[in-house]
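Please read the structure below before turning to the comments.
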2 protein chains.
Amino acid sequence: MRMRDIAEALGVSTMTVSRALRVDASVAPETRNAILKAIEERGYVPDQIAASLSSRKSGFVAVLVPSLNNPHFSETVLALNETFATHRIQPLIGSTNYDSRTEASLVRAFLSRKPEALVLTNDGHQADLRRLLARTDLPVVEIWDRPEDPIQHVVGFSNREAMRDLTLALMDRGYRNIVYVGENADEGTRSGERRRGFVEAQMLRGVDHPRMCSIGRPPATMSDGEAALAVVMRDCPGADLIMCVSDPLAFGVINALKRRGLRVPEDIAVAGFGDFEISRIALPAITTVKVDPFTIGRTTAELILTLRARSSKDRPPSPVIKRIETATDIRASAPGKPI
Amino acid sequence: MRMRDIAEALGVSTMTVSRALRVDASVAPETRNAILKAIEERGYVPDQIAASLSSRKSGFVAVLVPSLNNPHFSETVLALNETFATHRIQPLIGSTNYDSRTEASLVRAFLSRKPEALVLTNDGHQADLRRLLARTDLPVVEIWDRPEDPIQHVVGFSNREAMRDLTLALMDRGYRNIVYVGENADEGTRSGERRRGFVEAQMLRGVDHPRMCSIGRPPATMSDGEAALAVVMRDCPGADLIMCVSDPLAFGVINALKRRGLRVPEDIAVAGFGDFEISRIALPAITTVKVDPFTIGRTTAELILTLRARSSKDRPPSPVIKRIETATDIRASAPGKPI
DNA sequence: ACCATGGATGTTATCGATATCATTTCCTGG
DNA sequence: CCAGGAAATGATATCGATAACATCCATGGT
């Protein structure tokens with residue numbers, strides 16, 4: 001069934017039907033009612049594909065996240081989804097699996113769907129992709145990290161600074177023998193930036209050779225805790241605090257410690273990153289950096305709606321950088337050393 | 001830039017360019033190479049919207065899940081995504097928030113994008129929606145539960161039977177004073193079906209008044225554990241086993257018990273449902289029902305690809321029901337009572 | 001009474017691809 | 001040596017909507 005069928009049944013033109021379906025178009029109230037009634041009765045569903053082709057507006061926003069089953073990103077996607085839904089925008093969601101090549105090829109695939117904006121979770125990009133995006137007039141928003149050289153807009157925080165601040169806070173609370181555990185990840189990835197933040201903090205306080213362990217590629221999960229602890233025990237004995245790249249890993253490490261009969265934080269303290277739900281529920285609660293994935297998603301969606309509202313002439317005025325607040329939260333798993 | 005620009009530059013017709021972009025079309029190798037080269041050089045991206053309109057194939061599959069930040073569903077979405085990606089199908093993902101009205105309105109919105117299949121997470125549907133879907137020739141797959149009256153195809157298991165079997169297994173291991181904790185949820189929802197399974201098992205063993213507590217609307221999360229335990233303690237004192245609608249809730253309850261100085265399972269046992277990662281990592285590991293969300297996603301995607309391969313004449317042959325295996329897994333949180 | 005104004009509606013062209021059928025060329029087997 | 005068929009390519013119509021402009025009519029200010 002096409003719009004034309006509705007139009008003919010009522011003896012009006014398709015344009016009138018088309019207008020009846022928008023709120024802002026001028027159609028006589030009785031005409032509109034008759035049309036809406038006919039549409040309802042016959043179960044007509046407008047073809048958004050044809051509408052997109054004609055109006056040159058797809059109603060899509062492409063969203064790329066490293067992973068869909070990481071609570072952080074799924075929360076962000078949730079927020080985007082929710083905000084967009086009220087504006088009839090459909091997110092096209094893709095998962096890069098923490099791989100910049102996958103990211104590049106997904107972006108290409110998405111571009112053919114003519115999205116009205118592109119959201120990338122910053123984790124380092126291929127040079128190729130950067131070039132492709134540089135010459136497009138599509139609004140691009142990088143989220144979840146503040147890159148040193150942004151493509152356009154940014155909604156995020158500095159993972160480096162956040163981890164640096166957490167490390168400093170814990171050093172100031174008396175931990176001297178700190179080990180960092182994270183994935184093998186390059187600079188420019190969120191994971192790599194957190195490690196840099198740790199190193200920076202240690203250097204600032206005169207630790208010339210910060211101790212670090214690596215445990216494979218991102219993402220580190222709760223299940224990696226056992227293996228991570230084994231590496232720490234082997235390579236860095238005598239640590240008084242294990243700092244983990246994320247809360248799930250920290251939780252895994254804590255449980256591994258408990259299995260070995262060690263007490264947290266009495267025998268050894270543990271810290272995480274991200275304020276995942278698990279960090280609040282865990283016993284002991286995990287010292288972490290609070291970030292709010294939902295806010296990142298909502299802020300991003302709102303930014304895109306704003307950009308969209310401006311006529312394309314006004315764009316690009318200048319890249320918008322929205323800083324998301326983070327906060328160090330000292331909890332029971334690493335409360336500071338007793339004096 | 002349009003396909004025509006590429007065609008004119010090379011002095012061929014757009015059809016030849018169009019053919020060069022498919023693998024199965026007959027184009028002279030040198031012609032194809034020249035075309036692909038030109039496309040690469042100029043950075044031409046085909047317009048999938050126009051292609052969809054013309055070919056009547058959108059390349060979309062609509063997927064509705066109750067929530068995006070529930071690890072179960074995000075894992076399923078992940079699997080769908082992965083399998084579809086290799087076949088150039090783009091999932092349109094929507095979140096119902098466990099609400100059948102939201103589900104119905106999302107389906108309507110999705111239909112206008114002309115998806116080639118529709119995946120619904122079975123949680124009870126509006127009568128309206130059932131009617132709408134009954135008269136469509138779109139393949140519909142309900143996942144995550146086996147409804148008594150399926151719309152078409154099903155990939156899932158019976159939540160009722162799975163919870164019944166877990167309950168029976170635990171009763172046979174000596175628990176006599178069992179309390180069930182779950183959300184307020186109707187029959188036909190996964191949560192409601194699990195409760196029914198519990199009741200069924202109790203009845204089978206002669207418990208005429210199964211003891212149950214409710215704690216608000218789905219989803220129950222780890223954070224609900226504290227409140228859930230409070231309700232159990234108040235309404236059902238003397239329980240020897242708390243059965244939870246899902247693992248995250250079970251984990252929350254266990255932690256709440258620990259906070260009160262109670263030992264699991266010595267003082268009171270706890271069981272969950274779903275084999276979430278947390279149930280394996282937790283101390284004690286949580287007795288649960290193993291289900292594999294990834295398999296559900298992959299199986300669903302494969303089913304859809306199969307259906308799509310058949311010419312539309314062959315459809316609908318008959319609804320396909322794919323049963324997903326589940327298994328009771330007795331772990332340390334409810335190991336059975338010592339004799 | 002007249003024209004400017006704006007609301008309601010229609011007409012036509014177009015968005016960018018592909019389906020379909022037609023055409024040409026070249027090869028192969030009887 | 002020629003009919004028949006496959007391979008390569010082109011011409012045209014079409015997918016289902018909306019943009020843009022045109023038209024008609026009622027209303028009200030002067």
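Given the structure is predicted, the values throughout are model-derived calculations rather than measurements. Protein chains get the first letters and strands the later ones, always in sequence-line order, with residue 1 at the start of each.
Between D/dA20, D/dT18, C/dA17, one nucleotide has an atom nearer to the side chain of A/S18 than all others, and that is D/dT18. With C/dA17, D/dG10, D/dT18 as the candidates, the nucleotide lying closest to the side chain of A/R22 is D/dT18. Listed nucleotides: D/dG16, C/dA17, D/dT18. Nearest to the side chain of A/M15: D/dT18. Checked against C/dA17, D/dT18, D/dT9, the side chain of B/T31 finds its nearest nucleotide in D/dT9. For A/A28, the listed nucleotide lying nearest its side chain is C/dT9; candidates were D/dG10, C/dT9, D/dA17. For B/S55, taking side-chain heavy atoms from C-beta onward, the closest of the listed nucleotides C/dG16, C/dG10, C/dT18 is C/dT18.
Residue-to-nucleotide contacts include a donor-acceptor pair under 3.5 Å from the side chain of B/S54 to the base of C/dA17. Between the side chain of B/R19 and the base of D/dG10, a donor-acceptor pair under 3.5 Å is found.
Annotation for A/L36 and A/A20: closest pair CD2-O, 4.1 Å, computed over non-hydrogen atoms.
A/R298 and A/D292 are not joined by a salt bridge, as no carboxylate oxygen comes within less than 4.0 angstrom of a charged side-chain nitrogen.
Proximity of B/Y44 to the phosphate of C/dA17: a side-chain N or O atom is located under 4.0 Å from OP1 or OP2. One finds a side-chain N or O of A/S13 lying less than 4.0 angstrom from the OP1 or OP2 phosphate oxygen of C/dG10.
Looking at B/N70 and B/S67, their side chains never bring a donor and an acceptor atom within 3.5 Å of each other.
B/S26 comes within contact range of at least one nucleobase, with a heavy-atom separation under 4.0 Å.
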